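Protein chains get the first letters and strands the later ones, always in sequence-line order, with residue 1 at the start of each. Only a predicted model underlies this, so the values are computations on that prediction, with no experimental measurement involved.
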Number of protein chains: 2
Amino acid sequence: MGIVERRERLKKQVRSDIIKTAREIAREDGWQAVSIRKIADVIEYSPPILYEYFESKDKLLETIRAEGFTFLREEFERIKNLYRNAEKQLAEVAQSIWNFAMSQPEVFQVMFNLEGAYCQSKQVYVQEMNILGNPVWEMIAFLRPKAGEMVTKTYYEWWCLTFGFISITITTQPHYALRHAEPVYMEGVRRFIRSIK
Amino acid sequence: MGIVERRERLKKQVRSDIIKTAREIAREDGWQAVSIRKIADVIEYSPPILYEYFESKDKLLETIRAEGFTFLREEFERIKNLYRNAEKQLAEVAQSIWNFAMSQPEVFQVMFNLEGAYCQSKQVYVQEMNILGNPVWEMIAFLRPKAGEMVTKTYYEWWCLTFGFISITITTQPHYALRHAEPVYMEGVRRFIRSIK
DNA sequence: ATGCTTTCCAAACGGTGTTAGGTATTAATT
DNA sequence: AATTAATACCTAACACCGTTTGGAAAGCAT
C-alpha cells in the first residue's frame, strides 16, 4: 500500500513545515508575531488544519522547545565522547550552548519563555533536570568527585549560570553587543569551573 | 483653585490604580492574562480611558519595569550606606534581589520579559548598565581595585549571574522548589565574590 | 443662556486562538 | 457500478485582544 505510506510522508512533511514556518516568523519578527493564521497562510492551508497536527499553539511551542533541548543533549553527548578532560568538556559544553543560542535564538527564546515566547508546559525542565544519564551532570561529577547531592547542586548552578547568562544577555543587550559578551561569558564559565574544582 | 489640584490628585490616583491592577492580574493569572479591557473593568472605566494615562500597553509595562529597577537601585544605595565591607555589601545586594524577585515576581518578570511578559523598550537596560553613580559597580570596584574596564566586565558578569540565576529559577522551577534554590543561589554568589576578590 | 472645554464611552477595525458544521473528494463495500 | 463510509479540507463563527474614531454628556466661563 504505497498510498498510505505516501500520505504518512506528506503528514510528516506538513508537520515539519508548520514547525519550520513558526520558527521562521519568530526569527524574523519575534514570537509575538507568530500566529496560527500566519503559519496557515505560509503552508497554504486553512487555520483549522493546524489542529490536526498540534493540539494547540502551546503544544506546538512545546515541541519546538523539546527539539531544542534534544539538540543540546546530543551536542553534550558528542562533546563527552570527544574529550577526556572534564574541564575541557565543560568549557566546550558552555561554548556549544552559546553557539546554539546565537545561531537559533528563536529556539532558545521558546526554551526559556523569553521575549514574548510563552509555552506553559514545564515538563521538559523536569526531564532535563533529571541526573540519570545526564552527560553534563557526569562531567561535573568527574571533575569533583564528591557526594551525589553536592554534584546535583553544582549541576543546578551550572544550569543557571550558563542559561541564565545567555538569557539575560539576549534580553538586555542590543544585537551588536552580543559578540562582545561572548568572551565575558566564557571567562565567567571558566572561573566557575576553576572555583568548583 | 483647589478644584484643579483635586483633579490632579485623582489623575495620579487613577494612574497608580491602573498599574496596581495590572500587577494584580499578572500576579494572579500571569502577564498573558493582563488585558486593557480587564484592567478597565476593575478600575471601572472604559478601555479608551487607559490611553489617557499610558500611550500603549507597552508603555504601561515599561513603567512597571522602570519602577522595579528604581526600587532595586534604592535598595542597593541603602545597603551601600549600611555596610562598610564590600563583600558584605554585595552579598546583601544579592539577597535583596532574591527577596525582591520572590515577593514581587510579576515585576521581576516584566523587568526581564519572562513568562509571557513582553515589553519592547530596552531603554531601561542601557540606563541600568551605565556605571556612573552605579552603587553595585562601585562596590565591585572597591572590592577589586583594578582598571575601570575590568570592573565593568565584572559588573556585567554580576548582573548576568544574579538576574540570570533567578530568571532561570523562576522559569524552570516549580513553586515549591524556590525556597530550596535560595541557598544554592547565595552560595553561588558568594563563590563568585570570592573568585573575583 | 450660550459657547467652550473636559470627561467619558459605545462601537468599530483588524487582529488573536479555537471550534462547529458542512462540503467535496477519495476509498471501501456491497 | 452504485452506494456507503471515511478522509481532507474549509468557511464561518465565538469570544477575546490592542487601539482608534466620533460623539454624547457634563462642567465651566462668558
Side-chain angles (χ1 to χ4, degrees), chain A residues 1-15 17-19 21-23 25-26 28-65 110 113 115-121, chain B residues 1-15 17-19 21-23 25-26 28-65 110 113 115-121:
Chain A
M1 294 290 162
I3 295 174
V4 178
E5 283 166 17
R6 197 205 51 193
R7 247 190 283 191
E8 284 286 321
R9 252 184 296 130
L10 195 85
K11 278 242 167 198
K12 275 213 161 69
Q13 183 59 49
V14 171
R15 194 186 143 94
D17 281 352
I18 293 172
I19 293 174
T21 304
R23 286 183 49 181
I25 298 172
E28 206 71 25
D29 306 317
W31 280 104
Q32 281 234 315
V34 176
S35 79
I36 298 290
R37 281 177 172 83
K38 278 190 209 158
I39 299 171
D41 258 19
V42 175
I43 65 169
E44 295 183 298
Y45 276 110
S46 68
I49 290 297
L50 295 196
Y51 290 85
E52 282 168 24
Y53 295 90
F54 297 96
E55 194 179 313
S56 65
K57 190 183 177 183
D58 200 78
K59 290 277 179 196
L60 167 59
L61 297 208
E62 194 182 345
T63 304
I64 294 171
R65 166 183 290 180
V110 85
N113 278 355
E115 299 292 87
Y118 187 56
C119 164
Q120 283 214 258
S121 165
Chain B
M1 293 289 164
I3 295 174
V4 178
E5 283 166 17
R6 198 206 50 195
R7 247 188 279 184
E8 285 284 319
R9 251 183 298 128
L10 194 84
K11 279 241 166 198
K12 275 214 161 68
Q13 184 60 48
V14 171
R15 192 186 145 93
D17 280 352
I18 293 172
I19 293 174
T21 305
R23 285 184 49 180
I25 298 173
E28 205 73 25
D29 305 317
W31 280 105
Q32 280 235 315
V34 176
S35 78
I36 299 288
R37 281 177 172 85
K38 279 189 208 160
I39 299 171
D41 258 21
V42 174
I43 66 170
E44 293 182 302
Y45 275 111
S46 67
I49 290 297
L50 293 187
Y51 290 86
E52 281 168 24
Y53 296 89
F54 297 94
E55 193 179 312
S56 65
K57 190 182 177 185
D58 201 76
K59 290 276 180 198
L60 167 58
L61 296 208
E62 194 181 345
T63 304
I64 294 170
R65 165 183 290 180
V110 84
N113 279 355
E115 299 293 87
Y118 188 57
C119 165
Q120 283 214 257
S121 166

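At least one donor-acceptor pair under 3.5 Å links the side chain of B/Asn113 to the backbone N or O of B/Cys119.
Applying the side-chain hydrogen bond (donor to acceptor under 3.5 Å, both in side chains) test to residues at least two apart or on different chains, none of the pairs has a partner in residues 31-51 of chain B.
Remark: C1' of C/dC8 and OH of B/Tyr53 are 10 Å apart, rounded to the nearest angstrom. Rounded to whole Å, atom C1' of C/dT7 lies 7 Å from atom CD of B/Glu52. Nucleotide D/dG27 holds its P atom 14 Å from the CG atom of B/Leu10, rounded to whole Å. We find that CD1 of A/Ile49 is positioned 13 Å from C1' of C/dT23, with the value rounded to whole Å. Atom CG in A/Asp41 sits roughly 11 Å away from atom P in D/dC10 (whole-Å rounding). A straight line from CD of B/Gln13 to P of C/dT7 spans 16 Å, rounded to a whole angstrom. Rounded to whole angstrom, the span from the CD atom of A/Glu44 across to the P atom of D/dA8 amounts to 19 Å. Rounded to whole angstrom, the span from the CG atom of A/Leu60 across to the C1' atom of C/dT16 amounts to 15 Å.
The pair B/Arg65-B/Glu62 does not count as a salt bridge, with every side-chain nitrogen at least 4.0 angstrom from each carboxylate oxygen.
You'll find the side chain of A/Ile49 stays beyond 4.5 Å of the side chain of A/Ile43, heavy atoms only.
Listed by chain and residue number, A/Glu52, A/Tyr53 satisfy the side chain to side chain contact (heavy atoms under 4.5 Å, CB included) test with A/Lys11 (two or more places apart in sequence, or in another chain).
Side-chain N/O atoms of B/Tyr45 include one lying less than 4.0 angstrom from OP1 or OP2 on C/dC8.
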### Task
Would you please test B/Leu60 and B/Val34 for side-chain contact (heavy atoms from CB on, under 4.5 Å) and show each step?
CA-CA 11 Å; B/Leu60 167 58; B/Val34 176; 5.8 Å; no
### Query
When every nucleotide of nucleotides 18-25 of chain D is labelled 5' to 3' by its protein contacts under 4.0 Å (heavy atoms), B for base, S for sugar-phosphate only, - for none, what sequence of letters results?
BBB-----
